[in-house]
There are 2 protein chains.
Amino acid sequence: MPGSIQSLERAAAVLRLLAGGERRLGLSDVASSLGLAKGTTHGILRTLQQEGFVEQEPVSGKYQLGAELLRLGNSYLDVHELRARALVWTDDLARSSGEAAYLGVLHQHGVLIVHHVFRPDDGRQVLEVGAMQPLHSTALGKVLSAFDPVAHNEVAEGELAALTARTVTGSAEFESVLELTRSRGWGSDLEETWDGVASVAAPVYDRRRMPVGAVGVTGAVERLCDADGIRSRLVAAVRDCARAVSRDLGAGRF
Amino acid sequence: MPGSIQSLERAAAVLRLLAGGERRLGLSDVASSLGLAKGTTHGILRTLQQEGFVEQEPVSGKYQLGAELLRLGNSYLDVHELRARALVWTDDLARSSGEAAYLGVLHQHGVLIVHHVFRPDDGRQVLEVGAMQPLHSTALGKVLSAFDPVAHNEVAEGELAALTARTVTGSAEFESVLELTRSRGWGSDLEETWDGVASVAAPVYDRRRMPVGAVGVTGAVERLCDADGIRSRLVAAVRDCARAVSRDLGAGRF
DNA sequence: TGATGAAGGTCGACAATGCCGACCACCCCC
DNA sequence: GGGGGTGGTCGGCATTGTCGACCTTCATCA
């Protein structure tokens, strides 16, 4: 593979840096964080600003991400075929399960949420489209790790950080979780990511039978579980939804 | 102003092109659309793909926007101070008005929706965060055009496209609409953007009393209007919300 | 079935391009 | 008024990205 364009790589690094750090960053912060000369950094920031990818606070001179990114991110959703096919099915899933439904795809070292249906009959909720979830502790992430070799690579190379007391952190133990996920065809998360929160998910396949994402529901552990773990009614609803989306993508009958 | 970085400008143009064209584009399409050599275009696309800003469909070789844009767009929302301050107030506005509430800011030649609260007790709705609305026909857009000189410039330079039969397209007439908006302190849209849909909006100011955005509600014209136009109860609710957000931003009392 | 054209992708020479580091102007605080 | 921070500019240098010819593959079609 021939080399990449240096200035573009650096611009991308600037954007990621701005996305990571909570607060706004100054020119010198950016330059020193990336090990670039101030002049170089300024040129990149100036261009990014001109294009709308970065905004500068007039008073302090600090930089932050720009609105054009939001617009382009929205355009990404418009084109996303998996998401388009899943819209109606996830809506049904949320209604029939009474829980919030999510659609996630592998992105870098985590699960990117590309669609989120609010829990019916519940008040204030934050839309999580565009947010990332860990691969090793959520139901969506486990399903992707179990069925998508690329995701499996990602999770094998990373740390299994303990997010709650119940997070699986041993890699051998995690492999057996994935084995279980593969054998029964769905994944679960019982308070392994957030205390009091459980989730169930199942894989979505494209027309070549390759796993391309996962759908699932997330909610309070008291509602999702009974004495035997995840309620089987929910598991069935999630798997039905995953099958329906897969069929819509052309994966054919199971 | 010293020159911008050429390769970055071109990469931004590529992204905008991909965002604009509905379907996926091939390498040659992109190259010819932008008047670049194929080799150059390929280098840009390759780097953008490596960074996650662009994805390539393996089978057809076509390119489309990438997931990293969604993630960064989401990060933009996280940092957005106006949006953060407005979250709770727009929620109240939607509840008290019974309509969908929107928060918009000027971006390029239109209004970028940065927050959207669904209409209470209503079924399937599409989240419009990240979408753009025209400046000259929506309530949000008119408010921005009336109070923000930059927005006024933008709208003065562009076309006033007729979106419905009631859209104001004459520039003199439009100026008098802006004058009315300024004098009464709020803007309206009576089926000027979509048939059957009306909206009301009011300006939000920052701590230096500069207009930084607009909040409003949108809904069926039958619900929003009575015989005299927009229901005064709604106008009051919207203006209250705008004042509350402004106060949160430090604009002080009115 | 071979010819054909158009697709995506590669390569290497050339010089335009963007990089670097010294340098300004400004502000705040001691 | 100096010192130590900002963000921002400038010009010389060579690194860097550009260009256009070329390659491979694939689908079409005579």
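Every chain is numbered from 1 and lettered A, B, ... according to where its sequence line falls, protein lines coming before strand lines. Remember, predicted model here, so these are calculated numbers, not experimental data.
- Taking atom CG on B:Leu45 and atom P on D:dT18, their separation rounds to 12 Å, with Å as the unit.
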_Intermediate values then yes/no, side chain to side chain donor-acceptor pair (under 3.5 Å), B:Glu154 and B:His107_ = CA-CA 10 Å; B:Glu154 288 293 337; B:His107 177 60; over 6 Å; no
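- Nucleotide D:dG17 holds its P atom 13 Å from the CG atom of B:Leu48, rounded to whole Å.
- When each of A:Gly39 and A:Gln6 is assigned the nucleotide of DNA chain D bearing its nearest heavy atom, the one mapping closer to the 5' terminus is A:Gly39.
- Per the geometry, CG belonging to A:Leu27 stands 14 Å off C1' belonging to C:dG21, to the nearest Å.
- Between B:Arg207 and B:Glu81, at least one side-chain nitrogen of the basic residue sits less than 4.0 Å from a carboxylate oxygen of the acidic one, meeting the salt-bridge criterion.
- Here the C1' atom of nucleotide C:dA16 and the CD atom of B:Glu9 are 15 Å apart, to the nearest Å.
- Counting only heavy atoms from C-beta on, B:Arg10 has its side chain closest to D:dC19 among C:dC19, D:dC19, C:dG21.
- When the nucleotides D:dT18, D:dC19, C:dC20 are ranked by their closest atom to the side chain of A:Ala37, C:dC20 comes out on top.
- Heavy-atom distances to DNA chain D give each of A:Gly61 and A:Ser7 a nearest nucleotide, and the one nearer the 5′ end belongs to A:Gly61.
- A donor N or O paired with an acceptor N or O is not found under 3.5 Å between the base of D:dG20 and the side-chain atoms of B:Lys38.
- Backbone-only engagement by B:Gln56 is indicated by non-hydrogen atom pairs under 4.0 Å involving sugar-phosphate atoms exclusively.
- The nearest whole Å value for the distance from the CG atom in B:Leu36 to the P atom in C:dA16 is 17 Å.
- Judged purely by atom type and a 3.5 angstrom limit, A:Gln64 has no side-chain atom pairing as donor or acceptor with the backbone of A:Arg24.
- Protein atom CD1 of A:Ile44 is 15 Å distant from nucleotide atom C1' of D:dG8, rounded to whole Å.
- Interatomic distance, CD of A:Glu68 versus OH of B:Tyr76, reported as 10.5 Å (0.5 Å rounding).
- Taking 4.0 angstrom as the limit, B:Ser28 places a side-chain polar atom (N or O) nearer than this to OP1 or OP2 of C:dG8.
- Of the candidate nucleotides D:dG7, C:dC20, C:dG9, C:dG9 has the atom lying nearest to any side-chain atom of B:His42.
- From B:Thr193, atom OG1 reaches atom CG of B:Leu140 across 9.5 Å, with rounding to the nearest 0.5 Å.
- Distance, B:Leu34 CG to D:dG17 P: 18 Å, rounded to whole Å.
- Within the 4.0 Å cut-off from OP1 or OP2 of C:dG9, at least one side-chain nitrogen or oxygen of B:Tyr63 is found.
- If you measure from atom CG of A:Leu8 to atom C1' of C:dC19, you get 15 Å, rounded to the nearest angstrom.
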